[in-house]
Amino acid sequence: MIKDILKKENLSKEDLLTLIQIKNPEDLKLLFDEAYKLKLKYIGNKVYYRGLIECSNICIKNCKYCGIRKDNKNVDRFSLSQDEILEISQWVYENGFGSLALQSGERNDKEFVDFIEDTLIKIQNKCSNSLGITLSLGEQTLETYKRWRNAGASRYLLRIETTNRELFKKIHFDDKLHSFDKRLQALKDLRTTGYQVGTGVMIGLPGQTYEDLVNDIIFFKENDIDMIGMGPYIIHEETPLGKEALGKILSDEERLTLSLKMIALCRLYLKDINIAATTALHALHPFGREKGILAGANVIMPNATSKNIKPKYQLYRGKPNLDDDALKGKLALEKSLKEIGEEVVYFKKGDSPHFFNRIK
Ligand code: 5AD
Ligand code: SF4
């Protein structure tokens with residue numbers, strides 16, 4: 001019985017496998033409600049924002065699923081100037097988001113590394129070091145992680161994408177630039193450098209099994225991860241994987257439900273971590289993020305990038321609210337969160353409680 005499994009304090013791999021395969025709506029509701037109860041216990045009826053700044057869509061990598069991969073010649077490449085990033089950061093700060101996230105395609109040339117370091121210092125100078133800054137800038141050297149940490153970033157998101165090595169190889173190129181072992185090492189290096197470490201996976205990839213996803217959750221626990229950002233795989237038809245997956249993957253609705261189940265299971269299994277209700281959920285459903293919160297997530301990353309830039313940063317098709325400015329998005333989201341009984345916390349960083357519990 002699902003009810004009996006949900007009463008357990010510690011779930012086994014078999015329990016996770018049973019729960020992730022729930023089909024009937026009553027059992028699904030039991031799962032989400034139990035996960036939401038835990039979210040209330042560990043975090044309260046609170047949601048933390050990270051203002052997302054998409055800094056550049058230039059990328060040296062060729063991940064087969066991603067719309068801004070290096071070989072996609074149809075992308076209008078851009079990089080925000082430092083002044084533009086500072087201006088958006090100021091907006092995020094003044095609007096009380098408490099945290100911001102810098103995301104971009106991967107680059108590791110000296111100019112880029114220096115630029116990010118200098119920008120971080122300037123952002124923190126402008127807001128008296130009070131912002132929680134998350135970086136999502138791909139695999140870097142230990143030295144680079146250290147420099148960026150010293151310059152003012154405290155969290156780093158680097159998705160493992162899938163913990164199934166064979167599937168990882170299939171969705172990337174099997175070469176030095178796209179190496180599973182390097183990704184694992186990068187997660188270790190981030191940990192050593194003292195970041196709150198976040199990772200995550202794509203859900204509903206072609207060929208991915210329920211057991212793969214359960215193994216992903218177990219991986220998060222074994223690696224003592226502080227934050228999780230994961231979401232449904234969404235086809236971008238200008239990519240090799242997108243072409244191959246067209247018509248062959250689970251429906252949008254099924255991938256949405258599977259992603260919500262993953263959020264709920266992570267909350268049940270990892271308890272005190274931060275879990276993001278990601279934009280990809282929003283891309284599959286207008287209230288995808290709110291559904292994510294009700295399944296146990298506690299973080300949302302509203303896009304703070306200006307609306308003339310947003311369309312250039314398309315990892316997948318169907319990116320939501322491309323025509324909206326950041327303020328409009330913020331107000332609408334706050335209203336819909338209020339309707340589900342959740343309160344946005346302003347002027348607080350919203351660090352992962354797990355991070356402080358593990359370093360005690
Ligand atoms: N669908 C869903 N997520 C994607 N990402 C990249 N391409 C896609 C896609 N087509 C995610 C990856 C990456 C993050 C920045 O965006 O998980 O780590
Ligand atoms: Fe580059 Fe990230 Fe896209 Fe891979 S997923 S191609 S690293 S932006």
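Indexing begins at 1, ligand by ligand and atom by atom, following the structure's order. Since the model is a prediction, treat every value here as computed from it, not as a measurement.
- The same ILVMFWY cluster, assembled from side-chain heavy atoms under 4.5 Å apart, contains both Ile22 and Val214.
- Between Lys335 and Glu339, at least one side-chain N (NZ, or NE/NH1/NH2) sits under 4.0 Å from a carboxylate O, which counts as a salt bridge.
- For ligand 1 and Arg159, the ligand atoms under 4.0 Å from any heavy atom of the residue are 11 (C), 12 (C), 17 (O), 18 (O).
- The protein heavy-atom contact nearest to atom 7 (N) of ligand 1 is Tyr65 CD1, 3.3 Å.
- From the protein, the heavy atom lying nearest to atom 15 (C) of ligand 1 is Leu315 CD1, 3.8 Å.
- Listed by number with element, the atoms of ligand 2 under 4.0 Å from a non-hydrogen atom of Lys61 are 6 (S), 7 (S).
- For ligand 1, the polar-atom distance check finds no N/O of Gln103 at less than 3.5 Å from any of the ligand's N/O atoms.
- Arg183 and Glu161 are joined by a salt bridge, as a carboxylate oxygen and a charged side-chain nitrogen come within less than 4.0 angstrom of each other.
- Looking at atom 3 (Fe) of ligand 2, its nearest protein heavy atom turns out to be Cys66 SG, 2.3 Å.
- Taking the six-membered ring where tryptophan is involved, the planes of Tyr313 and Phe78 are perpendicular, since the angle between them exceeds 60° and thus also 30°.
- A donor-acceptor contact shorter than 3.5 Å links the side chain of Ser99 to the backbone of Lys349.
- With 2.8 Å as the limit, Cys59 counts as an N, O or S neighbour of atom 1 (Fe) of ligand 2.
- For atom 4 (Fe) of ligand 2, the N/O/S atoms of Cys63 include one lying under 2.8 Å.
- Taking atom 5 (N) of ligand 1 as the reference point, the nearest protein heavy-atom neighbour is Met202 SD, 4.0 Å.
- In this structure, His236 falls outside the shell of residues with a heavy atom less than 4.0 angstrom from ligand 1.
- When only non-hydrogen protein atoms are considered, atom 10 (N) of ligand 1 lies nearest to Ile234 O, 2.7 Å.
- Residue contact check: Cys66 has heavy atoms under 4.0 Å from atoms 7 (N) of ligand 1.
- At least one heavy atom of Pro232 sits less than 4.0 Å from an atom of ligand 1.
- Pairing each heavy atom of Tyr36 with each of Ile340, the nearest pair is OH-O, 4.2 Å.
- Side-chain contact of Asp175 with His178: a donor-acceptor pair under 3.5 Å is present, judged by distance alone.
- Less than 4.0 angstrom separates some heavy atom of Ile68 from each of these atoms of ligand 2: 8 (S).
- With respect to atom 12 (C) of ligand 1, the closest heavy atom belonging to the protein is Glu161 OE1, 3.4 Å.
- The aromatic rings of Tyr145 and Tyr156 sit perpendicular, their planes meeting at an angle over 60°, well past the 30° parallel limit.
- Remark: Glu54 does not engage Lys312 in a salt bridge, criterion side-chain N to carboxylate O under 4.0 Å.
- Remark: the backbone N or O of Ala283 is not paired with any side-chain donor or acceptor of Lys319 at under 3.5 angstrom.
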